[in-house]
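Scroll down for the structure; my scribbles are underneath it.
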Amino acid sequence: MSKISTGHFSIEDLENVQITIGKIVGAIEKKVEEEGDMGPTPKPGVSGLRDWDHQVLSRYQPVYTPMCDQCCYCTFGKCDLGGNKEGACGINLGAHQSREFLLRVITGAAAHSGHGRHLLHYLIERYGRDHPLDLGPSNLLAPNVQMVTGIKPKTLGDLEEAIEYVEEQLTQLLATVHMGQEGAAIDFESKAMHGGMLDHVGMEISDLAQVSCLGMPKSDPDAPLAEIGMGCIDAAKPVLLVIGHNVAGVANMIDYMHENNLSDKIELGGLCCTAIDMIRYQMDKGGKPYAKVVGTLAKELKMIRSGIPDVIVVDEQCVRADVLEEAKRLSIPVITTNEKIMYGLRNRSKDKADAIIEDLASGKEAGALILDLDLVGEVAPRLALKVAPIRKEKGIKALPSDEELTALAAKCVHCGACELVCPNNLGIMDAMKACAEGDLTKFEILHDHCVACGRCDQDCPKDIPVLDVIEKASQKVISQEKGIVRSGRGQISDPEIRQEGVNLVMGTTPGIIALVGCSNYPEGTKDLYRLAEEMLKRNYIMVTSGCSAMDLGMYKDEEGKTLYERYPAKFLGGNLINVGSCVSNSHISGTAIKVAAIFAQRNITGNYEEIADYIMNRIGAVGVAWGAYSQKAVAIGTGCNRLGIPVVVGPHGSKYRRALIGKPYEEEHWKLYDARNGETLPIPASPEFMLTTVETVEELMPMLAKNCIRPSDNNMGRMIKLTHYIELSQKYLGQMPDDWHRFVRTETDLPLAKREELLKILEKEHGWEIDWKRKKIISGPTMKSDVSAQPTNLKRLCKGEC
Amino acid sequence: MSKISTGHFSIEDLENVQITIGKIVGAIEKKVEEEGDMGPTPKPGVSGLRDWDHQVLSRYQPVYTPMCDQCCYCTFGKCDLGGNKEGACGINLGAHQSREFLLRVITGAAAHSGHGRHLLHYLIERYGRDHPLDLGPSNLLAPNVQMVTGIKPKTLGDLEEAIEYVEEQLTQLLATVHMGQEGAAIDFESKAMHGGMLDHVGMEISDLAQVSCLGMPKSDPDAPLAEIGMGCIDAAKPVLLVIGHNVAGVANMIDYMHENNLSDKIELGGLCCTAIDMIRYQMDKGGKPYAKVVGTLAKELKMIRSGIPDVIVVDEQCVRADVLEEAKRLSIPVITTNEKIMYGLRNRSKDKADAIIEDLASGKEAGALILDLDLVGEVAPRLALKVAPIRKEKGIKALPSDEELTALAAKCVHCGACELVCPNNLGIMDAMKACAEGDLTKFEILHDHCVACGRCDQDCPKDIPVLDVIEKASQKVISQEKGIVRSGRGQISDPEIRQEGVNLVMGTTPGIIALVGCSNYPEGTKDLYRLAEEMLKRNYIMVTSGCSAMDLGMYKDEEGKTLYERYPAKFLGGNLINVGSCVSNSHISGTAIKVAAIFAQRNITGNYEEIADYIMNRIGAVGVAWGAYSQKAVAIGTGCNRLGIPVVVGPHGSKYRRALIGKPYEEEHWKLYDARNGETLPIPASPEFMLTTVETVEELMPMLAKNCIRPSDNNMGRMIKLTHYIELSQKYLGQMPDDWHRFVRTETDLPLAKREELLKILEKEHGWEIDWKRKKIISGPTMKSDVSAQPTNLKRLCKGEC
Amino acid sequence: MVDATKNTLVYTTWGRKTAKPVNPNVAAKMVSKAKRPLLVAGAEIVDNEQLAQRAVAIGKKGVQIAATGHSITVFHGKDVNAKYINIHALAHYLGDKNWKGFDGQGSYDMIVFLGHKKYYLDQVLSGFKNFSDLKTIAIERHFMQNATLSFGNLKPEVHVEALDEFIENL
Amino acid sequence: MVDATKNTLVYTTWGRKTAKPVNPNVAAKMVSKAKRPLLVAGAEIVDNEQLAQRAVAIGKKGVQIAATGHSITVFHGKDVNAKYINIHALAHYLGDKNWKGFDGQGSYDMIVFLGHKKYYLDQVLSGFKNFSDLKTIAIERHFMQNATLSFGNLKPEVHVEALDEFIENL
């Protein structure tokens, strides 16, 4: 035994050994315990953090907005649950909605974790289990993994145990979606929280693996800039378009093109997170990304319909289901590269590249499934080179001509069917009228609001290809769609946390706004830009990722500069940080965990509840998923919620079926313990929600400022936060907020420039007593200002309790 | 190293050891490979068996019957997909239906696998990883596990790797349910097949673990008989009612009662599969089960509403969501014992038994969550003893009195609302009329058809508690509901397979009918009995499980004997085998695999496709889930389908959204290869479906006989099968089947007694040439009779192909 | 004349497309005009003499009958064109342009339903509605919302009357 | 008089319960009769002068206004009783018997909606419909199927006319 007790060992060498594998977990836990830092909940089961959830949910109550009053899960149904009735299994609409919400959360978590598992398999095969995690200047490599599972991964192989835990728990949660399981909404909610937490673990595993193996920027504030926009694609070259979320395949294409000197002969463009990750690939030493980002999911159909791509390669997640059908019409061969999307195509994984290229280039087959990613790396670029001249020769016609455009618009009878089916009920009729008269401006504006879903095409009684009309009419603005996006920089490093942590906890940096996720915006993409610019100017830390990170790069100021060019990417107030793709969202929660670990020296290992409690009360961070549409977005949001980070989604987010909203008017919910002595501590009603929807960015901005307020703010911090809350309310709502005074504990909390004015209001409108000589508040506030107070939800953390 | 290379070792003892865990898999595979019997697909991924699926699906095409024309998965929607339109993500209704179907399958698979994982955790903790799998006289312990994963488990611990594989794959499948993944219906179908296969692995793990640890009958044809029925519960004693699917908790109660001499002082009754498994508990040495089975899910609400239970303990799966609410009304405390069902109750797992009992008996709390199953074992019986006299004293009133019954019935205005909302549109109005006039017979009949879902209660404008009326009016028949069910015997043993295999493959035993699953019958429970009796008399092997196994025991012949008393439980024609609970369904697929392994000596290890091909062409088995309602049922069915076993569900099964039905009129689909030479082999159109729905048992019975026909039947076998097909058609449809002649290859295939008559018909109606002297067919049949033919779908298995 | 269109109450919805309520005479006219109508008679007619008679009567008008479940037992010796078939299989074949029908003369263009379980027929019709161009008419006692045309929810006696009117107008 | 009830076309259904189409005068009468009506005005009125004027006019009739989104900017200096609130939070509070309203006088019994995104209001109303007894009236340009009462789908100019008639009858 002594021989192996201190070294590596590989079980491959053994024969006839019966090994009790599972105990390894126990051994690891034991080891960590000996080191004295294992918290109470490593690898929590479904009920492991339920008390915490119930506590959160008692302040932030579920508000259900069903998408359907019926349930069709089992064949006793379908059942009408309208009016919160019970169905055949005894479930009522409330519990069913929480179940539906849970299902969406675990679907999203599975998408990320499934992605992570795929990457891990692939990268371990390529780089080995012992390949070290390499993430930049950080000792705390995997904050989510460590906090949730108690594992401190150092290598790729270490991540496997964590993903196994995620898979086990997701299976448990999926089981509860079955008819006849949970009966109480509150416990479906707790399960949804569990799923959200797992999502962040799954995402973290994905990104750690790819950052470590694929040369992506490692906590790099100077991660390079890349071109973005439909307008930046050079259609003169053969165009190879990749769509999806999994960079493994495109990385091989880039390598192949590089090795074969094809990089300047092929235009490589990407849509969705694969695009984001391909501009991170091998950029850890800097350089200029070779590939270009086309844009978000909302550009997929427009890009295909343009006819510009010569070959399309898809991998997984957020890929339109009709890619093959749409591409076929324009003679664009499609290569699918992942088991999640196979489109019924023949599996060519074991065929020779030449044969596949021949079949696809000749049009004999519309596409191919190639699961061997080395083969994909070769086939896709070679196919693009071969197909481009063939398509050119054929004269593939995509969008209508100018004459056809006018004729199509004139064909419109203004019945309104398209507007009824449009997810945003856009004013297509008016734009058609104008277009028929030669005025394209309405369509040009509409184009930015349009998510290119194509539902209008399906319902036009005159068979007008409405989306083609929109795209054709907007060619001028599309050709100008050229922006700049910073390549995703990955995690926030330990030194950055050390530097900025105190400002965040004390409130002197007014807050972190995480602008994340998808492209289902209520009023087009520019709102994002307005929001980010406003908050950046006010010194908030803006963190971004995924589709939002892309769309933010599409706008320029008068000097022609994008936000990425104007604002640096350090973890400091007034910085704009693109962490990366969808799975990089784990770095946002990870940052909050790191603040607790590094700045506050809290033990995070298997210590979820305490860390969530810390974050909820001390870190003024709000997530914004303005265009959230996917199940992944709601999983991410729910993971943030369990960790005490509130999230706002755009109005479409109401279709996630439930929000978590507190009642500021119920005082009993706005109390904590002071850990120093266990006394009750009244707190401000902020965050006042965990998940809510908001109508417009004008409404959103003051709300963000307000919901960055935390009990732990020092006076300087509270003053700064209040200043922004009041100013943003005045700027966008035209008024002082109704509730600003509720956040005032002492006169030093008041914005300096307005102190006197505000004191007057407090006296006059709210009846507070003011000592005008000393300009001090004598009575009025319900809360004391006490920086050394230790706000906590957890009785057990109070002195004398343990 | 030498020290551990031949023994057990426990990693707990080690320190500072870095172990590359994952490689163990490789090592095991390598080891098996060295032994030379690893098939081509151990642990197949999502695409691993896709070619097989596509082959199956090309003959048996998906037929979609949507439950809803809309999709509300993501917030781009909801989308109207009516008329097979595309939604905002580009998916059409067909693909969405296959996705919905997939979701149901993986939900069911997760329920079983989640159950298995829970049991495994619990039993390993109790019995250790090294606890051997002990399943009776079998060497082939885990046919599904071995065939799918390549693992040959010997101990509890060995099952962990298999369940991890299932969890990983389920996560991958759940990921594909996310918006923007698979776009083709055919590949969602393949994924659903994958999920179905995983389900059987998950079920097998569950049952192997519990059979091995909890003293359940081990392949025992003489497994004891137990009482069943609402009428057999002795309400004079304190009644402890358990509901659900996971026996772990109730096993402890039985132990506690035994140890404390309480067994004759408490009436222990069970509903659903927990009931089935509790009468298996410690019955491996025979004996009489102490506990009684109340019945299926369809009895849950009726049993609670009777007011008879004094304490209810629930675990997981198929438990009505309103148990707590319903029980509360009748002062019945509820104990939840599983993370999947927590009902919002306070977690008392770490409290003292006394305190919990006090709080629940006093009514201070309506229930408790107790996850410590030892504690449950003590609390539940003690609570029943304490609560029963309290409830008696309180005079808890449950069902209406006789007078109230008449008054309630008289209150009915015959508006028909209840009939509209009733899942079976039962004739409640007429029964109410009769009841008001003192005639209860209509309700007595209706009671058996009623699944006690309670939807009628929800919609009565006169607030009549319709279900209570049904139950009260049926008290007389309910009190007579006393039957006998055989305790689940577990697997079919190797020796049994050896004995019966040849008859099955040659067709001389006409077939296996597996009568499985839930209680959502179209016309009440008696149809099951009629079906089973008919097929048993005809020497079919009847295998049963779960709710069907229970309901089968409710009917008696003139001599007062149930089918279980009349028919033995060996694996032989004319035997009635209850394998056990829901997870025991894996033994049905396992039996088919065992026939391939033991009788035909096929290698099953990691060799899925070949085994499925073998089963599909040689084993005349048909699954019937007549009352299928749950997601588990469709998972089980789909797992059977991938393995080549056709399944029939009752008419409610149309709500699973898709069937798989072949077209007998398209000749090109009914061809195989002859493995001896690769030649094409025309085959009969049987099975003619993989999944279909049937209206009535009268329609079902001839269909079953027909679909037991297989290409491999010898003449004797074909003759026997045809005889039953013709006889059943005549008996239940009043006619010769239209297509009987299609199954005739030679005159010796014809039923002996009718040979001449049938030859005449063949000559006259079908134009076949008959040599009347020799009574031989000269021409006509499209198929040859050749017992030594080797029918296969797999080109690669043909001679000269490999 | 029976007004068979009044009560179209449903318990649940499938989507925005719902059957048009139809009166017996109109339904009959449409069937009469069809080139190849088919009556699909379900097992609910077996123990319902009233319905059984009407199903036979429709058959007597020359309409081919697909007898599903075990409804074929009703048609033996009644001199109508009835063939047993499983309804789910029938639905599959009806959606197939290559199916030649019961008589080899091709598929059907107007499908009439009588004698089915409500929930089951709703599902079968959901398939037709979404994946075929077939016209379907439910002359059932319940409003079948996934048909092209359907009677409303009728009392049994009104239903029989409606059927008689339907048959008269064939 | 405007007939605001004609076109009630929807793109998708939520279930079997759907808004009753209502005409402006009837809607106005119901609001007038209510004890504590509330107008919830959404951000779509901000850039629509026509709607903004009507929202103000309703406020002038003494109806409390909940200004959601940034619609409050329309009401400043207009001498109406308008308070900013987030609509999702408002929906939560309205379902709470303990909420005292904007003026501390208690909750509201009749909720009128104007100026909202169709899909968003559909969701908010879905919550009300299923989890509260509140009466909701949508006086929007689109048929809001989850309201208790709603105008049908109207052309912009007809909508304005309908609003004027509604205001007249308040």
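Order of the sequence lines fixes the chain letters, A, B, ..., with proteins taken first and strands second; residue numbering starts at 1 for each chain.
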inquiry  = For a salt bridge (charged side-chain N to carboxylate O under 4.0 Å, His left out) check, start with the C-alpha distance between K17(C) and D69(B), then their side-chain angles and the critical distance, and finish with the verdict.
reply    = CA-CA 9 Å; K17(C) 197 173 166 194; D69(B) 310 341; over 6 Å; no
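Summarising the local packing, NZ of K155(C) is surrounded by 12 or fewer heavy atoms from other residues, nucleotides or ligands at distances under 6.0 Å. Summarising the local packing, NZ of K135(C) is surrounded by 12 or fewer heavy atoms from other residues, nucleotides or ligands at distances under 6.0 Å. Dense packing is recorded around NZ of K731(B), with more than 12 heavy atoms of other residues, nucleotides or ligands lying under 6.0 Å away. For CG of D47(C), the number of neighbouring non-hydrogen atoms (other residues, nucleotides, ligands) closer than 6.0 Å is 12 at most. Environment of NZ in K61(C): crowded, with over 12 heavy atoms of neighbouring residues, nucleotides or ligands closer than 6.0 Å. Annotation for R742(B): atom CZ does not count as buried by contact number, only 12 or fewer foreign heavy atoms lying within 6.0 Å. Summarising the local packing, CD of E667(B) is surrounded by 12 or fewer heavy atoms from other residues, nucleotides or ligands at distances under 6.0 Å.
Only the side chain of D738(B) comes within contact range of chain C, judged by heavy atoms closer than 4.5 Å. Residue contact with chain B, scored on non-hydrogen atoms closer than 4.5 Å, involves the backbone of V10(C) exclusively. Proximity to chain C (any heavy atom under 4.5 Å) is shown, for K78(B), by neither the backbone nor the side chain. In this structure, chain C has heavy atoms under 4.5 Å from both the backbone and the side chain of P522(B). In this structure, chain B has no heavy atom under 4.5 Å from any part of L125(C). Heavy atoms closer than 4.5 Å to chain C are found nowhere in R658(B), neither backbone nor side chain. If you measure heavy-atom distances from I85(C) to chain B, the contacts under 4.5 Å come from the backbone alone. Neither the backbone nor the side chain of M429(B) comes within less than 4.5 Å of any heavy atom in chain C.
Two residues are said to be in side-chain contact when any heavy atoms from C-beta on lie closer than 4.5 Å; Y119(C) and N424(B) meet this criterion. In this structure the side chain of M67(B) reaches within 4.5 angstrom of the side chain of Q123(C), judged on heavy atoms. Proximity of T73(C) to Y732(B): side-chain heavy atoms (C-beta onward) are nowhere separated by under 4.5 Å. Under the 4.5 Å side-chain criterion, counting only non-hydrogen atoms from C-beta, N98(C) is not in contact with K663(B). Counting only heavy atoms from C-beta outward, the side chains of K85(B) and N130(C) never approach each other to under 4.5 Å.
Atom OG of S71(C) sits about 7.0 Å away from atom CD of E695(B), to the nearest 0.5 Å. Taken from OH in Y11(C) to CG in N425(B), the straight-line distance is 11.0 Å, to the nearest 0.5 Å. For the atom pair K655(B) NZ and S126(C) OG, the distance stands at 12.5 Å (nearest 0.5 Å).
Comparing A417(B), C68(B), S654(B) by heavy-atom pairs within less than 4.5 Å of chain C, the highest count is held by S654(B). Here I72(C) is the residue among I72(C), N153(C), D122(C), V124(C) with the most heavy-atom pairs under 4.5 Å with chain B. Ranked by non-hydrogen atom pairs under 4.5 Å with chain C, the options Q70(B), E419(B), Q735(B) are led by Q735(B).
A salt bridge links E523(B) with K117(C): the closest approach of a Lys/Arg side-chain nitrogen to an acidic carboxylate oxygen falls below 4.0 angstrom.
Each ring-ring contact (aromatic ring centres under 6.0 Å, His included) pair with one or both residues in residues 77-97 of chain C, not counting sequence neighbours, appears once here: Y665(B)-Y93(C), Y93(C)-W99(C).
Annotation for A89(C) and I661(B): closest pair N-CD1, 3.9 Å, computed over non-hydrogen atoms. For the pair T693(B) and N86(C), the tightest heavy-atom approach, listed with the atom from each and the gap, is O-ND2, 2.9 Å.
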